[in-house]
Amino acid sequence: MTAIFDSLKNSIKGDVLVDDYSLGMYATDASIYQIRPIAIVLPKDDQDVKEAVALAYKNGITILPRGAGTSLAGQTVGESLILDFSKYMNSVLEINSAEKWVRVQPGMARDDLNALLEPHGLHFAPDPATSSRANVGGMVGNNSSGTKSILYGKTVDHVLETKVLLAEGTELHFENCPPETYRKKAAQNNREGEIYSAFENLIKSHSEEIKERFPKVMRRVGGYNLDEFVYTDQWNLGKLVCGSEGTLATTLELKLNLVDLPKHKSVCVVHFSEVLEAISAVEGMLKYKPSAVEILDNTVVDLSRSNLTTKHHCHFLEGDPAAILIVEFYGNTSEDVLDRPKKMIEELKAKGFGYAYPLFPEGEAYNDVWVIRKKGLGLMLGLKGNKKPLAFIEDAGIPSEHLPEYIDRVLKVCEKHQTKAAMYAHASVGVIHVRPILDLRLAKDIERLKHIAEDTFKLVMEYGGSWSGEHGDGLVRSAYNKRFFGVPLYNAFLEVKKLFDPKNLMNPGKILEAQSIEKNLRYGTSYKDDAVKTEYNYKEEEGFESAVHMCSGVGECRKVLGGTMCPSFKATRDEEHSTRGRANALRMAMSNQFGPEGLSSDRLHDVMDLCLSCKACKSECPSNVDMAKMKSDTLQMYYDAHGISLRDKLIRDSAKASSTISGWKAGIVNSVQKSGLFKSVLERTAKFDKRRTLPDFAKEPFYKWFEKHAKKTNTGAKKVVLFADTYLNYHEPNIGISALALLNSCGYEVILANVGCCQRPKISHGFLRDAKRDGQKTIDRLKPFLDQGLKVVVCEPSCASALNDDLPDLIADQEIAEQLKNGVMMIDVFLADEYENGRLDVDFEPISNGVVIHGHCHQKALYGTNSMKSLLKHHKNAISEIPSGCCGMAGSFGYETEHYELSKKIGNEILFPAIEQLNEDHELVACGFSCRHQIAHFTKARPKHFVEVIKATKTLI
């Protein structure tokens, strides 16, 4: 195999991955399964795909086309050569807005595609919950649908043309064929003619069986789409490829139908005291022609209220509902999308359905509702502990008139097997995802898995439903297809498979000739984690192992548009540089699947290396996977096993160096640091890139300035503590001076807490024992202020996060940990809270015409940027924010030679171009010390801290 793949590396332009870690990271998706692949190919173009497929065919290696790997049924795992299209083959090839179609490569993510289509007033309509990263090739392979399927149907309804490659290398182009055209193709004496002719005979001989046995519900994606060919004479074999899960051919290119963007939208959130009451209300809602009716039960609602990101969007929730129905309306007028839900609400009240009915037109609140829905799956899978809500019976599509009774009986099935369940999803079309909560490390729960699946399958058959409504067959449902469709149709499926793939090389074991449900589990009775000694306590996560297992595989970290997570994936598009990739690597190393070195191995160190410790995953990941924390712990393990370098020591001791150099030595050191000779020596000895200039040291530390000058103005009826962080104290005392002036003008006497470093450099760089030791000293000096009930305000976001997020989990004393969490806050958060609660008699205004914010990663992840905006809310258009993600600096990361170019690339994604377009009369705000230096290095801008661009004025009474 080594020789085979070495030859492939030399013959293609894309990437070929065969190392254990890469294969391990591709061994799973979002399902319950794990199978190690043979190799991974990331092709750059069609020719690369043809080379890889030809090699596989010649050597009898099976082939598995894959996109983002978000499958819930196990379609995208297998002992195969995996073709991952997401990194390179992700372009739009042609947009025809007049005829409303787009030609696209299979690796294009659905939301990325729609962002390009939005200026044309069009969109690709199917919208699975994973749309931010779901590749359109995968959506076609799975025949995806989503929340709006009641309006737009499934992906198969939007596939116009497909260009595919068969396993033996034949390239085919499928499009709509009237009977005469089809006959001409079938008459050809070649591979295409063979397929067209034999498929026509197959449909004719099974047409009555197809009409009888295929479910009569719209949400059906099981088996092959033979029912697309019995009610029409306009045949398009692309509709057969759709939903085939990569078992027939590899898709090279797609032509997709587009629809107009809705002109107006609204959403009504109906609250219910009982789950079955919610389901019973659905049928009556449909006559009001909603675009979606989605159900979330109290499991998802409760998780949404506690999740770091989603809790800020939960304002529309009233009371403690057992379930909510999210009912959306599209229309041509703003009146229409409000009138229909109002009439629906009147009827619901008259029938006694529900207890609250908040209604929102399109806008911020409308978006908040859909954030909760989109995050629902990940939130459920991120439940703490070994028991997880599992996807195996969740995909049944049931006729809506039978849905309440069916759900009632399914819940009783779970109850019979001593299993709790959670539920969410598409009530409008009879696909409510019921997730039994099981731990598949336990033999008894594996037995429950099999029995619950069998009992539920019988119910689906009884109600004339579909066993697979949208998530596909994969490894979890394929074994039921012979019973579900009957022997004649199952044999017809086998004929289709043999016709397209005679040697059974395309993703075998999916749809046909499949394993039973309990084989190849990611977690099984033999799964065991090695004992791991960590420095963090992982109190909230309930241990390091649990923190690793919180990653469910849904892959939100692979989104490219919006948010901050995950900066290195956005820049590289490599699986191992996603949060999911790192979590899978940690899990497999921790469970001894990568050899005896475990968590201290060099290869794991490489995997973790490009984690910028931005903490975005802690909030943006639906499961709140805190990779920054786990990276720090694995770095400590790595140092313990391998020792530390000069650069590591310099970073570890950087705060001490700052305090030593700041003052009379600063001028000399600053001059030396700027010299080419110093930079070259530093690059050779410590691998800090010579293109960078280290930050200047202050000629007078802020605490000394404070001692000399603060007494003149530092008065006020109230007191607040200002934390003298390393950057404010020894590098940029101007920020401390501005913070003091701002707090004084708000009526506060400022107490300066010059108590030592927050330990951010040590924490982020993995020196956790040192951080714990020295951090305890800082905490002990802060404690007297906290004991008095005083708030400690911080200007630097990474210092705030160290004090109230990291140190509380490093120390044992839970009481002081809680004091740090509650008593330490960002200065803008403190002022906004004081202002909103009427404790300030001032107004705030910008010192310039406008303020533009770049949010620090930790700030966005843990505190948000809304506090800064709220302080200037009375000044219209005074403040805005660049949707910039990470700047790319991340402490020392951007200074390090091997990371310099990636650091630049991350900033170039959005931030730097946006800055270059700013007007000169706008002030750019970046509260992070690293952010300011990154921006100054790569752009002409000289950003300021928020406290430098805002002033408080007395309220006129």
Side-chain angles (χ1 to χ4, degrees), residues 1-2 5 15-28 34-40 522-523 526-536 538 541 543-551 553 557 566 568-569 572 574-613 617 625-649 651-652 687 762-770 890 892-893 896-899 902:
M1 283 295 181
T2 301
F5 291 116
D15 308 335
V16 180
L17 310 175
V18 292
D19 65 284
D20 285 345
Y21 269 76
S22 294
L23 299 181
M25 283 181 266
Y26 277 86
T28 60
Q34 176 176 310
I35 303 176
R36 178 187 165 103
I38 294 171
I40 317 298
R522 186 192 307 193
Y523 301 104
S526 62
Y527 182 90
K528 188 177 186 301
D529 290 321
D530 290 342
V532 180
K533 183 183 182 302
T534 63
E535 301 304 324
Y536 278 112
Y538 296 93
E541 298 90 344
F544 178 82
E545 295 87 345
S546 180
V548 173
H549 296 312
M550 282 169 68
C551 177
C557 46
C566 176
S568 50
F569 176 80
T572 67
D574 288 327
E575 175 70 18
E576 77 171 65
H577 300 311
S578 67
T579 305
R580 180 179 72 179
R582 296 184 187 108
N584 272 325
L586 287 171
R587 175 179 57 82
M588 298 183 85
M590 180 175 66
S591 55
N592 204 28
Q593 296 182 60
F594 286 147
E597 284 189 290
L599 294 171
S600 62
S601 77
D602 285 321
R603 183 66 177 93
L604 182 66
H605 186 255
D606 291 341
V607 171
M608 304 302 289
D609 184 50
L610 296 193
C611 170
L612 280 74
S613 298
C617 51
V625 172
D626 192 344
M627 190 53 62
K629 186 186 285 188
M630 291 187 281
K631 177 188 178 179
S632 294
D633 249 322
T634 56
L635 276 174
Q636 181 72 79
M637 297 173 203
Y638 185 80
Y639 298 145
D640 291 345
H642 301 277
I644 61 175
S645 68
L646 172 61
R647 185 172 74 188
D648 297 328
K649 292 176 182 177
I651 295 168
R652 179 193 64 189
K687 297 183 180 178
K762 294 188 183 78
I763 290 169
S764 291
H765 216 66
F767 294 101
L768 293 182
R769 284 194 293 276
D770 292 339
S892 65
F893 183 89
E896 295 161 8
T897 304
E898 70 273 23
H899 297 144
L902 180 63

Exercise. With sequence neighbours left out, write down each residue that passes side chain to side chain contact (heavy atoms under 4.5 Å, CB included) with Tyr638, or none if nothing qualifies.
Key: Asp602, His605, His642
Quiz item: With a 4.5 Å heavy-atom cut-off, do His577 and Cys566 have their side chains touching?
Solution: no
Quiz item: Does the side chain of Lys762 come within less than 4.5 Å of Leu768's, by heavy atoms?
Solution: no
Practice problem: Kindly compute the distance separating CG (Leu599) from CG (Asp530), expressed to the nearest 0.5 Å. | Solution: 8.0 Å
Quiz item: Is any side-chain heavy atom of Tyr21 closer than 4.5 Å to a side-chain heavy atom of Ser601?
Solution: yes
Quiz item: With sequence neighbours left out, what residues match Ser591 under side-chain hydrogen bond (donor to acceptor under 3.5 Å, both in side chains)?
Solution: Gln593
Quiz prompt | Pairwise distance CG(Leu612) to CZ(Phe893) - rounded to 0.5 angstrom | solution = 4.5 Å
Quiz item: Short question: side chain of Thr579, backbone of Cys617 - any donor-acceptor pair under 3.5 Å?
Solution: no
Quiz item: Do the non-hydrogen side-chain atoms of Val18 and Thr2 ever get within less than 4.5 Å of each other?
Solution: no
Quiz item: What are the two closest non-hydrogen atoms of Met25 and Asn584, and how far apart are they?
Solution: O-ND2, 4.0 Å
Quiz prompt | Gap separating the CE atom of Met550 from the CD atom of Glu545, nearest 0.5 angstrom | solution = 13.5 Å
Quiz prompt | Set of side chain to side chain contact (heavy atoms under 4.5 Å, CB included) partners for Asp20, sequence neighbours left out | solution = Arg36, Phe594
Exercise. Check whether the side chains of Ser600 and Asp640 place a donor and an acceptor atom closer than 3.5 Å, and report yes or no.
Key: no
Quiz item: Do Leu586 and Thr634 come within less than 4.5 Å of each other through their side chains, counting heavy atoms only?
Solution: yes
Quiz item: Which residues pass the side-chain hydrogen bond (donor to acceptor under 3.5 Å, both in side chains) test with Ser645, sequence neighbours left out?
Solution: Asp648
Self-check item: Which residues share a side-chain hydrogen bond (donor to acceptor under 3.5 Å, both in side chains) with Asp633, sequence neighbours left out
Solution: Tyr538
Quiz prompt | For Arg652, all residues meeting side-chain hydrogen bond (donor to acceptor under 3.5 Å, both in side chains), sequence neighbours excluded | solution = none
Practice problem: Please list, chain by chain and in numerical order, all residues satisfying side chain to side chain contact (heavy atoms under 4.5 Å, CB included) with Ser892, sequence neighbours excluded. | Solution: Ile651, His765, Glu896
Quiz item: Looking at side-chain heavy atoms only, is the closest gap between Arg582 and Leu610 below 4.5 Å?
Solution: yes
Exercise. For Glu575, enumerate each residue passing the salt bridge (Lys or Arg N to Asp or Glu O under 4.0 Å) test, keeping only those at least two apart in sequence or located in another chain.
Key: Arg558, Arg580
Quiz item: Under the side-chain hydrogen bond (donor to acceptor under 3.5 Å, both in side chains) criterion, do His899 and Asp609 qualify, and how do the steps go?
Solution: CA-CA 9 Å; His899 297 144; Asp609 184 50; 2.7 Å; yes
Quiz prompt | Sequence-distant partners of Lys629, salt bridge (Lys or Arg N to Asp or Glu O under 4.0 Å), two or more places apart | solution = Glu541, Asp809
Quiz item: Which heavy atom in Ser613 sits nearest to a heavy atom in Ser764, and how many Å separate them?
Solution: OG-O, 4.1 Å
Exercise. Can you sort out the partners of Asp19 under salt bridge (Lys or Arg N to Asp or Glu O under 4.0 Å), two or more places apart, ordered by chain and number?
Key: Arg603
Quiz item: His549 and Asp529: side-chain donor and acceptor closer than 3.5 Å?
Solution: yes
Quiz item: Can you name the residues that form a salt bridge (Lys or Arg N to Asp or Glu O under 4.0 Å) with Glu535, not counting sequence neighbours?
Solution: Lys533, Arg769, Lys772
Quiz item: How about Phe544 and Tyr536: are their ring centroids closer than 6.0 Å?
Solution: no
Quiz item: Does Phe569 have any ring pair (Phe, Tyr, Trp, His ring centres under 6.0 Å) partners at least two apart in sequence or in another chain, and if so, which?
Solution: none
Self-check item: Residue pair Leu646 / Lys687, side-chain heavy-atom distance below 4.5 Å
Solution: no
Quiz prompt | Within-4.5 Å side-chain heavy-atom neighbours: Ser22 and Glu576 | solution = yes
Quiz item: So how far is it from Ile763 CD1 to Leu635 CG, rounded to the nearest 0.5 Å?
Solution: 13.0 Å
Quiz item: Can you tell me how far the OG1 atom of Thr28 sits from the CZ atom of Arg522, to the nearest 0.5 Å?
Solution: 4.5 Å
Quiz prompt | Under 3.5 Å donor-acceptor, Ser578 side chain and Asp574 backbone | solution = no
